[in-house]
2 protein chains.
Amino acid sequence: MTSEKTLKQFNLRITKIRIAVLDALSASPAALSYSVLQDALSAFDRTTLYRTLLTLTDHGLIHKAYEENGESYYARCFGCTGQDHHHEHLHLKCSSCGGVECLEISEELKLNLAQLPFEEINISAKGPCSSCAIQGG
Amino acid sequence: MTSEKTLKQFNLRITKIRIAVLDALSASPAALSYSVLQDALSAFDRTTLYRTLLTLTDHGLIHKAYEENGESYYARCFGCTGQDHHHEHLHLKCSSCGGVECLEISEELKLNLAQLPFEEINISAKGPCSSCAIQGG
DNA sequence: CTGTTTATGCAACATTGTTGCATTTTTAGT
DNA sequence: ACTAAAAATGCAACAATGTTGCATAAACAG
């Protein structure tokens, strides 16, 4: 699914920055921070990027995965609606390289979490990410 | 344990703002945001509050529980060292009143999480908090 | 009580995020 | 392809969080 088609599907106007943001987030396995997006999309105005992120979030194409050090991190949504976000993975913040990895969680843990009476559950962890664990020994 | 004694125990100088911050966080079951702390401690300079929060965090007396809407929320630490934080509870952000509640998690879930090879794990959830659930029916 | 160490307050600054408004772009209808 | 309406963009201004340097004030060891 191209970003243009995704926008059309959600009845959103097709603009350059929206395509660029969706492309960037689709290409990245991890969530991207606002400042990284801004650097990558420096051709566009700061305000426009903020409003683009808001629009895409409101319509459920992306979501704010988490905040860290006063910065928001965004990721593509797959199988979410604007109201209801189901991200049954774990955000692993690497204690070595600082990168963020999205990991699948075990079926057992999913079942455990599903029993909790909450609308939305997020798990984050700190530890060595897959690439740093290999290099570090 | 009074806040003064806690500071002495950690070899930190006893100052008014440190006592005030520890008192405020000790009295609150939920984490407090920077702005709430600032309002409560308006007699002190903004910068001093920031540095106090940093110092207390670095020495493991408090921790940054989470961030939301560009604001950090702080809570007292019990049984943590500066390096290693063990908060085996769940932060429940109430979808009704917006307050944050710290909930204990089941032993089963604790065991599940303990098997994961990570240094630190945090769980957050959205849903009605205990008081709103009662009132809401 | 005195000297040293450390914390505080102040000013200035960087960054994230928001709002209002004029201009441009997108899109639907012809 | 052209036009008009609707919406998105860029710009300026602003508010808030968080940081840094430095002079002054407070804490503590002796």
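Throughout, protein chains are lettered first and strands after them, A, B, ... in sequence-line order, and every chain is numbered starting at 1.
Between A:Tyr34 and A:Arg46, some side-chain heavy-atom pair lies under the 4.5 Å cut-off. At a threshold of 4.5 Å between non-hydrogen side-chain atoms, the residues A:Leu56 and A:Leu7 count as touching. Within the 4.5 Å cutoff, no side-chain heavy atoms of B:Thr52 are placed close to those of B:Thr15. Within the 4.5 Å cutoff, the side chain of A:Thr55 has heavy atoms near those of the A:His59 side chain.
Ranking D:dA12, D:dT17, C:dT27 by closeness to the A:Thr47 side chain, first place goes to D:dA12. Ranking D:dT17, C:dG17, D:dG10 by closeness to the A:Asp45 side chain, first place goes to D:dG10. The side chain of A:Arg46 sits closest to C:dG17 out of C:dG17, C:dG20, D:dT20. Residue B:Thr15 places its side chain closer to C:dA7 than to any other of C:dA7, D:dT9, C:dG17. Of the candidates C:dG17, D:dG10, D:dG18, the closest approach to any side-chain atom of A:Tyr34 belongs to C:dG17. Candidate nucleotides D:dG10, D:dT17, C:dT16 were compared by shortest atom distance to the side chain of A:Thr48, and D:dG10 ranks first. The listed nucleotides are D:dA7, C:dT16, D:dT17; the one nearest the side chain of A:Glu71 is C:dT16. Taking only side-chain atoms of A:Tyr50, from C-beta outward, the nucleotide of C:dC10, C:dT26, C:dT16 with the closest atom is C:dT16. Side chain of A:Arg51, nearest nucleotide from D:dT17, C:dG9, C:dT19: C:dT19.
Using a 4.0 Å heavy-atom cutoff across all strands shown, B:Thr55 reaches no nucleic acid atom at all.
No continuous path of hydrophobic side-chain contacts links B:Leu41 to B:Leu54 [ILVMFWY only; heavy atoms under 4.5 Å].
What separates CD1 of A:Ile17 from P of D:dA8 is a distance of 12 Å, to the nearest Å. Atom C1' of nucleotide D:dA7 and atom CG of A:Leu7 are separated by 14 Å, given to the nearest angstrom. Straight-line distance from the CG atom of B:Leu54 to the P atom of C:dT6: 17 Å, rounded to whole Å. If you take CG of B:Leu53 and P of C:dT8, they are 11 Å apart, rounded to a whole angstrom. The CD atom of A:Glu68 sits 16 Å away from the C1' atom of D:dT17 (whole-angstrom rounding). Atom pair A:Leu12:CG and C:dT27:P shows a separation of 10 Å (rounding to whole Å applied). With rounding to whole Å, B:Asp58 atom CG is found 15 Å from C:dT6 atom P. One atom, OH of B:Tyr73, and another, P of D:dT17, lie 10 Å apart when rounded to the nearest Å.
Across all their heavy atoms, A:Leu32 and A:Val36 have their closest contact at CD2-CG1, 4.3 Å.
Using five terminal pairs a side, the axes of the helix from C:dC1-D:dG30 to C:dT30-D:dA1 at its two ends make an angle of 40°, given in steps of 10 degrees.
When each of B:Gly70 and B:Phe44 is assigned the nucleotide of DNA chain C bearing its nearest heavy atom, the one mapping closer to the 5' terminus is B:Phe44. Place B:Arg13 and B:Ser35 on DNA chain D by their nearest nucleotides, and B:Ser35 ends up nearer the 5' end.
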Next on the checklist: If you apply the rule side chain to side chain contact (heavy atoms under 4.5 Å, CB included), what do you find for A:Leu25 with A:Leu37, and how did you get there?
Outcome noted: CA-CA 9 Å; A:Leu25 293 183; A:Leu37 285 169; 4.3 Å; yes
Checklist entry - Stepwise, does the ring pair (Phe, Tyr, Trp, His ring centres under 6.0 Å) test hold for A:Tyr66 with B:Tyr66? => result CA-CA 9 Å; A:Tyr66 59 99; B:Tyr66 60 99; over 10 Å; no
